[in-house]
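Encoded as structure tokens, the structure appears first; notes follow it.
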Amino acid sequence: MKLLTYQTQNSEPRLGFIHNDKVIDMANFGDVMQFPLPSTMLGFIDMGDLIIPEIHSLMQRCDPADLIAISFAMNEIKILAPIPKPRKNIIGIGLNFTEHVAESARTLDTSKELPQQPIIFSKPPTAVTGTNTEILLNPKLTQQLDWEVELAVVIGKPGKYVDKKDALDYVFGYTVINDISARDCRRAGQWIVSKGQDTFAPMGPILVTKDEIADPHNLNLSLKVNGVEKQNSNTKFMLFNIHELIEDLSTVFTLEPGDIIATGTPAGVGAGRSPQEWLWNGDVVEATVEGIGTIVNTVKEI
């Protein structure tokens with residue numbers, strides 16, 4: 001399924017799903033089918049991935065005429081981040097593509113050696129923003145605002161000490177994250193000030209459930225700034241794949257439904273370019289992952 005959190009002029013954020021290029025309100029669909037369904041993405045994830053075939057079954061039995069009153073055209077809604085307010089920090093994975101390790105070692109103070117274990121950092125929930133919103137640039141904090149397109153994994157059930165062979169059983173779906181980074185805000189090697197400022201985690205535009213992604217390790221991902229391509233790679237080049245990340249992370253702490261793992265970015269970030277490039281007021285950034293979509297954000301100086 002293709003799920004999204006949306007808003008109309010007269011509504012609070014609501015959960016919807018895409019059908020025939022229309023957005024159908026999930027809770028209202030449940031009312032029509034006399035099958036209680038939640039109005040939030042987190043509430044839906046909490047139901048587990050077995051709810052997906054149940055929705056498909058309900059759709060087969062539904063009278064299309066009953067969907068008209070609970071459907072919206074895309075231009076009638078505002079798309080928010082799929083999970084506008086995550087329950088916990090987003091889990092970030094640093095230096096997870098070989099060429100990104102190399103470019104970071106050339107221009108930042110990171111090691112040129114390939115990591116032997118995943119490098120883990122986090123971004124607070126307040127960093128989340130959706131597509132067609134602004135990335136806030138505070139020039140008093142940074143003069144080195146950078147981009148990073150990433151595939152994000154959304155966890156669907158609790159997991160502790162997960163064996164990597166079972167890891168995808170714990171995945172609910174996937175979305176896109178742009179891991180915005182202030183390269184001059186790292187403190188004694190710690191990244192959260194660099195990574196965790198408000199709006200530094202654009203996410204979306206939708207969440208695609210795992211049944212629609214045949215192989216998450218073979219997805220093209222790319223990023224443009226003002227229409228010029230800066231990044232272009234594929235998730236097959238991850239150093240630590242999703243199986244390995246979930247095994248490692250679940251050894252450190254319990255993964256829970258709704259947890260978000262940003263799996264790392266390929267080469268082509270601004271810090272790694274010669275000369276270095278940074279984001280400035282008015283720049284438009286487009287981050288794309290195959291099979292999911294594109295998030296578009298504009299930089300705004302504050």
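Computed from a prediction, not measured in an experiment: that's the story for all the values here.
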Which pair of non-hydrogen atoms, one from [X] and one from [Y], has the smallest distance, and what is that distance?
{"X": "V208", "Y": "G291", "result": "CG2-O, 3.6 Å"}
{"X": "C185", "Y": "Q197", "result": "SG-NE2, 3.7 Å"}
{"X": "P86", "Y": "I260", "result": "CG-CD1, 3.9 Å"}
{"X": "V128", "Y": "P84", "result": "CG1-O, 3.7 Å"}
{"X": "P205", "Y": "T131", "result": "CB-CG2, 4.1 Å"}
{"X": "P82", "Y": "G204", "result": "CD-CA, 3.6 Å"}

Beyond-backbone contact of [X] with [Y], side-chain heavy atoms, under 4.5 angstrom:
{"X": "L221", "Y": "Q231", "result": "no"}
{"X": "L136", "Y": "T129", "result": "no"}
{"X": "T40", "Y": "P13", "result": "no"}
{"X": "L137", "Y": "I135", "result": "no"}
{"X": "W278", "Y": "D146", "result": "yes"}
{"X": "L151", "Y": "L219", "result": "yes"}
{"X": "P266", "Y": "V149", "result": "yes"}
{"X": "M41", "Y": "L3", "result": "yes"}

Exercise for the section: Report the C-alpha separation of Y174 and L207 in whole Å, then their side-chain angles, then the decisive distance to 0.1 Å, and conclude whether the side-chain contact (heavy atoms from CB on, under 4.5 Å) test is met. Expected result: CA-CA 6 Å; Y174 305 93; L207 186 157; over 6 Å; no
Quick one: does any side-chain atom of [X] pair with a main-chain N or O of [Y] as donor and acceptor, under 3.5 Å?
{"X": "K2", "Y": "I206", "value": "no"}
{"X": "N178", "Y": "P202", "value": "no"}
{"X": "T8", "Y": "I77", "value": "no"}

Nearest 0.5 Å, what's the [atom1]-[atom2] distance between [X] and [Y]?
{"X": "I213", "Y": "L168", "atom1": "CD1", "atom2": "CG", "answer": "12.0 Å"}
{"X": "M1", "Y": "T209", "atom1": "CE", "atom2": "OG1", "answer": "7.0 Å"}
{"X": "H217", "Y": "K236", "atom1": "NE2", "atom2": "NZ", "answer": "13.0 Å"}
{"X": "T263", "Y": "I91", "atom1": "OG1", "atom2": "CD1", "answer": "12.0 Å"}
{"X": "D179", "Y": "T265", "atom1": "CG", "atom2": "OG1", "answer": "7.5 Å"}
{"X": "I261", "Y": "E150", "atom1": "CD1", "atom2": "CD", "answer": "12.0 Å"}

Please identify each residue that fulfils ring-ring contact (aromatic ring centres under 6.0 Å, His included) with [X], with sequence neighbours left out.
{"X": "F72", "answer": "Y6"}
{"X": "H19", "answer": "none"}
{"X": "F121", "answer": "W191"}
{"X": "F29", "answer": "F17"}

Distance-only check: which donor-acceptor pairs under 3.5 Å involve side-chain atoms of residues 238-249, not counting sequence neighbours?
residue : atom : partner : partner atom : Å
N241    : OD1  : H243    : N            : 3.1
N241    : OD1  : E244    : N            : 2.9
H243    : ND1  : K164    : O            : 3.0
E244    : OE1  : N241    : N            : 2.8
E247    : OE2  : K164    : N            : 3.1

Practice task
Might you work through the side-chain contact (heavy atoms from CB on, under 4.5 Å) test for K123 and I177, ending with a clear yes or no?
Solution key: CA-CA 11 Å; K123 300 169 83 83; I177 278 185; 5.5 Å; no
With a 4.5 Å cut-off on side-chain heavy-atom distances among I, L, V, M, F, W and Y, is there a chain of contacts connecting [X] to [Y]?
{"X": "W280", "Y": "W147", "answer": "yes"}
{"X": "V32", "Y": "I18", "answer": "no"}
{"X": "F172", "Y": "I83", "answer": "yes"}
{"X": "I93", "Y": "M203", "answer": "no"}
{"X": "F253", "Y": "I119", "answer": "yes"}

Can you name the salt bridge (charged side-chain N to carboxylate O under 4.0 Å, His left out) partners of [X], sequence neighbours left out?
{"X": "K230", "value": "E277"}
{"X": "E148", "value": "R183, K195"}
{"X": "D163", "value": "K165"}
{"X": "E290", "value": "none"}

Problem - K85 atom NZ: more than 12 heavy-atom contacts under 6.0 Å - result: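 Not buried by this count: 12 neighbours or fewer within 6.0 Å.
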Practice task
Tell me, yes or no, whether the heavy-atom count around Q190 atom CD, taken from other residues, nucleotides or ligands under 6.0 Å, exceeds 12.
Solution key: no
Could you pull out every donor-acceptor pair under 3.5 Å between side chains of residues 45-71 and any protein atom, sequence neighbours left out?
residue : atom : partner : partner atom : Å
D46     : OD1  : R87     : NH1          : 3.2
D46     : OD2  : R87     : NH2          : 2.6
D49     : OD2  : K210    : NZ           : 3.3
S57     : OG   : R61     : NH1          : 3.0
D63     : OD1  : A65     : N            : 3.0
S71     : OG   : L67     : O            : 2.5

Handout entry: Test log, rule side-chain contact (heavy atoms from CB on, under 4.5 Å), inputs V23 and I79
Key = CA-CA 10 Å; V23 174; I79 300 176; over 6 Å; no
Exercise for the section: Under the side chain to side chain donor-acceptor pair (under 3.5 Å) rule, what do S222 and N232 come out as? Steps first, then yes or no, please. Expected result: CA-CA 4 Å; S222 61; N232 192 325; 5.4 Å; no
Per-pair distances, 0.1 Å, donor-acceptor, side chain in residues 293-300, under 3.5 Å, sequence neighbours excluded:
residue : atom : partner : partner atom : Å
T294    : OG1  : T288    : OG1          : 2.6
N297    : ND2  : G130    : O            : 2.9
N297    : ND2  : T133    : O            : 3.3
N297    : ND2  : T133    : OG1          : 3.1

Exercise for the section: For side chain to side chain donor-acceptor pair (under 3.5 Å), just list the numbers for N218 and N234, CA-CA rounded to whole Å, side-chain angles, deciding distance to a tenth of an Å, and then say yes or no. Expected result: CA-CA 6 Å; N218 189 22; N234 189 286; 3.2 Å; yes
Practice task
For N226, enumerate each residue passing the side-chain contact (heavy atoms from CB on, under 4.5 Å) test, keeping only those at least two apart in sequence or located in another chain.
Solution key: D283, V284
